[in-house]
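First listed ligand is number 1; within each ligand, the first listed atom is number 1. No experiment lies behind these values; they were computed from the predicted model shown.
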Amino acid sequence: MLIEKQTELYSGKAKTVYMTNDPTRLILYFRDDTSAFDGRKIEQFTRKGEINNKFNAFIMEKLAAIGIPTHLERLLSAQESLVKRLKMFPIECVVRNIATGSLCRRLGVQEGMDLNPPVFEFFLKNDALHDPMINEYHIRTFHWAPIDQVEQMKEYTFRINDVLKQLFLEANLLLVDYKLEFGDFQGQLVLGDEFTLDGCRLWDVETRKKLDKDRFRQGLGGLIEAYEEVAQRLGASL
Ligand code: C5P
């Protein structure tokens, strides 16, 4: 079927989602917007949408190759991808290999400490409540996701950690932490949303230079240059 873009379904902080003539498929449009602090800091960067769209496809293809079901069907254009339409669960799965960010703020643990075993956390997707941390009892009681799919989310998220930690290490990068979102597609758990440098932290192995969205959050500058450097080190074509 020839895919046609139809009306806008919703607009997030960095992506706009469109319906298509196929009710089981959506189009993601990666905008040039970058936001932080629940959308209180927003800025546009030329090429950002294209870099994120292509980087996301590069990572999603790696994950599909190791048997993780993902929503990505194919790239459609520089800033657009065709994806399966999932019923998204309102939760975020975060894995941390090195302590930083909200973990240090919440628990007072030392920044930069190796986390062994890695820490897994769930957060509720709710801007008004600032995405609070939740646990599996909340997910069960409030029916945010079926419990068997919660088990599978954890399993996929850790398998993804093993594979991506290694992939990034080969590019001399430390995968510090990252966030994933899953949904249901016809009864199957599927990885949705995106894996980009907006939703993970990557540090250079030797210098620990930050090469992710923390450059924007912390006003360090050189955001696009950092994203391009990561893609180049991985051999991902942008
Ligand atoms: O802020 P925090 O330290 O909890 O973030 C952990 C990881 O999850 C980081 O890689 C961050 O980029 C990602 N994250 C995200 N979207 C959120 C919250 C966190 O991509 N809403």
Exercise for review: Please say whether the positively charged group of K179, taken as NZ for Lys or CZ for Arg, lies over the ring of F123, i.e. under 6.0 angstrom from the six-membered ring centre and within 45 degrees of the axis.
Suggested key: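 Output no; distance or angle outside limits.
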Review point. Hey, what do you get for OH (Y227) to CD (E50), rounding to the nearest 0.5 Å?
Key: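 Rounded to the nearest 0.5 Å, the OH-CD separation comes to 15.0 Å.
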Revision key, fill the gap. Contacts for ligand 1, heavy atom under 4.0 Å, by chain and number, are E92, V94, R96, G101, S102, D131, D177, Y178, K179, D198, G199, C200, R201, R217
Check your understanding: Please walk me through it: do F120 and F158 pass ring pair (Phe, Tyr, Trp, His ring centres under 6.0 Å)?
Key -> CA-CA 9 Å; F120 184 103; F158 277 118; 5.7 Å; yes
Practice item. Could you pull out all residues at least two apart from K62 that satisfy side chain to side chain contact (heavy atoms under 4.5 Å, CB included)? Key: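 Counting only residues at least two positions away or on another chain, K62 forms a side chain to side chain contact (heavy atoms under 4.5 Å, CB included) with F58, L167.
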Practice item. Please name all residues satisfying side chain to side chain contact (heavy atoms under 4.5 Å, CB included) with D162, sequence neighbours left out, ordered by chain then number. Key: none
Practice item. Could you pull out all residues at least two apart from R25 that satisfy salt bridge (Lys or Arg N to Asp or Glu O under 4.0 Å)? Key: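 With neighbours one apart ignored, the set is E73.
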